[in-house]
Amino acid sequence: MTGRVGLQSSSWKTSAVVAYESDSWVSALGCTLHPGGAKLTAHIAQLASLAQEDNVLEIACGRGESVFSLSQKYGCSITGLDMSQKLLSEARNKAASSGEVGRLTFVRGDAEVLPFTDGAFDLVFCECSFSLLPDKKATAYEINRVLKPGGKLAISDVIIRGEFNSEWAEGTSVPPPLAFCFCIAGAMPLESYIRVFEEAGFRKVCTEDHSAELQRLAYRIVANRPAGFFSGSSANRLPGEKSWKQLFSEARPGYAVIIMDKPAEGGCR
Ligand SMILES: C[S@@+](CC[C@H](N)C(=O)[O-])C[C@H]1O[C@@H](n2cnc3c(N)ncnc32)[C@H](O)[C@@H]1O
């Protein structure tokens, strides 16, 4: 399940963006849309040895919260890329009012076709978003292309720890909107993510399990969701007789951090 083509891919991408544009997310969770929030972002930056002189790309940056927190902490230059015009304009407005415009750039683009030159970045971040992309193989190659030799890739994402036998996982249909909101639409087992990156030329540095953070986030969503948030609709009905509860208990979603590097000739940086 690493590649899709044509119309199915384009409606998949639209769903993966629309799911996160709602202001209801902000009332439920604030501007950070990944398990572990800013604390996990800071931990990942440490694992990836982020340094002040690094030129960083954050893919699928959403409202830009991690871009802001990393640039404030490390003083590095960061480019945030997202496909949502709405989320990017919120991020740009915040950058303008924070006076941090110089080091921060927000670019609209598709993660599968990165609008940057080869070897432009030292570190690529991608939080709770890689799983949402329909063509993971193309994206992994693109990330490798825009990284300098010796550069690092830091991903955190939803992983499948059990069985995930949905129709859409087989690539025969586009998932319902709720599957994007729960980040389960294109999630894979940890080993499958690693395989996709290794095939694109990366080498595994380390992985960490942060599944408890996914559970905490789920509790926060349930406790804080405004009326009407995730309201049931026929579009969210699962194929066959399966309920969402059944799907989750079979799939047993978790959350993992994956750090990979792009080997430099003669070793890593
Ligand atoms: C779960 S949110 C995560 C946002 C941010 N990384 C965070 O942790 O707060 C997923 C993000 O992926 C973006 N996205 C989905 N598909 C994309 C694509 N093909 N290219 C770029 N961004 C995409 C959405 O617009 C959304 O901002």
Side-chain angles (χ1 to χ4, degrees), residues 2-5 8-26 28-45 56-71 78-92 94 106-116 123-143 146 153-159 174-175 177-187 210 213-214 216-218 220-221 230 253 255-258:
T2 55
R4 264 161 238 272
V5 284
Q8 200 192 71
S9 167
S10 98
S11 62
W12 178 295
K13 283 181 192 174
T14 305
S15 302
V17 170
V18 168
Y20 294 100
E21 289 186 327
S22 164
D23 293 334
S24 301
W25 284 111
V26 181
L29 298 177
C31 290
T32 307
L33 294 182
H34 62 265
K39 203 167 158 204
L40 185 56
T41 301
H43 176 66
I44 297 170
V56 181
L57 169 65
E58 194 199 341
I59 291 177
C61 64
R63 293 180 169 84
E65 281 305 288
S66 296
V67 170
F68 296 119
S69 69
L70 293 174
S71 97
I78 309 195
T79 301
L81 173 126
D82 203 281
M83 226 162 89
S84 165
Q85 194 63 65
K86 177 179 186 285
L87 299 183
L88 284 176
S89 65
E90 289 178 32
R92 287 189 186 113
K94 190 168 169 188
F106 289 100
V107 175
R108 183 161 189 245
D110 181 351
E112 292 179 3
V113 200
L114 294 172
F116 306 110
L123 174 61
V124 172
F125 248 81
C126 186
E127 297 176 292
C128 206
S129 303
F130 188 80
S131 64
L132 293 169
L133 306 172
D135 195 340
K136 295 178 173 58
K137 196 172 163 180
T139 310
Y141 275 97
E142 274 295 86
I143 296 174
V146 302
L153 163 64
I155 295 260
S156 68
D157 221 316
V158 174
I159 53 170
V174 173
L178 264 187
F180 290 99
C181 294
F182 292 141
C183 269
I184 199 169
H210 290 271
E213 294 297 347
L214 183 66
R216 270 185 215 116
L217 187 84
R220 279 179 64 205
I221 292 174
F230 294 155
Y255 201 73
V257 170
I258 307 171

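For ligands, and for the atoms within them, numbers begin at 1 and follow the listed sequence. These values consider heavy atoms only, across backbone and side chains, with no hydrogens, waters or symmetry-generated copies.
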Is it the side chain (CB and beyond), the backbone, both or neither of [X] that lies under 4.0 Å from ligand 1, heavy atoms counted?
X: Leu33; answer: both
X: Ser66; answer: neither
X: Ala111; answer: both

**Item:** For the student: nearest non-hydrogen atoms of Ser66 and Thr41, plus distance
**Value:** OG-OG1, 3.4 Å
What is the nearest protein non-hydrogen atom to [atom], stated with its residue, atom name and distance?
atom: atom 25 (O) of ligand 1; answer: Asp82 OD1, 2.6 Å
atom: atom 11 (C) of ligand 1; answer: Ser129 OG, 3.7 Å
atom: atom 15 (C) of ligand 1; answer: Ala16 O, 3.7 Å
atom: atom 22 (N) of ligand 1; answer: Met83 N, 3.3 Å

**Item:** Any side-chain heavy-atom pair of Cys183 and Tyr20 under 4.5 Å
**Value:**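 Yes, close enough: below the 4.5 Å cut-off.
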Can you sort out which atoms of ligand 1 are near [X], meaning under 4.0 Å from one of its heavy atoms?
X: Leu87; answer: 27 (O)
X: Cys128; answer: 1 (C)
X: Leu132; answer: 10 (C)
X: Cys61; answer: 5 (C)

**Asked** Would Cys61 and Leu88 count as a side chain to side chain contact (heavy atoms under 4.5 Å, CB included) if you check the C-alpha gap in whole Å, the side-chain angles of each, and the deciding distance to 0.1 Å?
**Response** CA-CA 8 Å; Cys61 64; Leu88 284 176; 4.0 Å; yes
**Asked** How would you list, by chain and number, every residue that makes a salt bridge (Lys or Arg N to Asp or Glu O under 4.0 Å) with Lys86, sequence neighbours excluded?
**Response**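 Salt bridge (Lys or Arg N to Asp or Glu O under 4.0 Å) check on Lys86 returns Asp23, Glu90.
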**Message:** Once salt bridge (Lys or Arg N to Asp or Glu O under 4.0 Å) is applied, do any residues pair with Arg216, and if so which ones, sequence neighbours excluded?
**Reply:**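 Glu213.
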If we ignore hydrogens and angles and just use 3.5 Å, is the side chain of [X] paired with the main-chain N or O of [Y] as donor and acceptor?
X: Lys94; Y: Phe68; value: no
X: Trp12; Y: Leu132; value: yes
X: Arg108; Y: Met83; value: yes
X: Asp157; Y: Ser131; value: yes
X: Glu127; Y: His34; value: no

**Request:** Could you go through the side chain to side chain contact (heavy atoms under 4.5 Å, CB included) check for Ile59 and Leu114 one step at a time?
**Result:** CA-CA 9 Å; Ile59 291 177; Leu114 294 172; 4.0 Å; yes
**Message:** Heavy atom to atom 6 (N) of ligand 1, shortest distance: which of Gly109, Ala60, Gly62 holds it?
**Reply:**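 The residue whose heavy atom sits nearest atom 6 (N) of ligand 1 is Ala60.
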**Leu88, Leu133, Asp110: member with heavy atom nearest to atom 16 (N) of ligand 1** = Leu133
**Request:** Return yes when Glu58 approaches ligand 1 closer than 4.0 angstrom through a heavy atom, no otherwise.
**Result:** yes
**Asked** Any heavy atom of Glu65 sitting closer than 4.0 Å to ligand 1?
**Response** no
Min N/O separation [X] to ligand 1 under 3.5 Å:
X: Glu127; answer: yes
X: Thr32; answer: no
X: His34; answer: yes

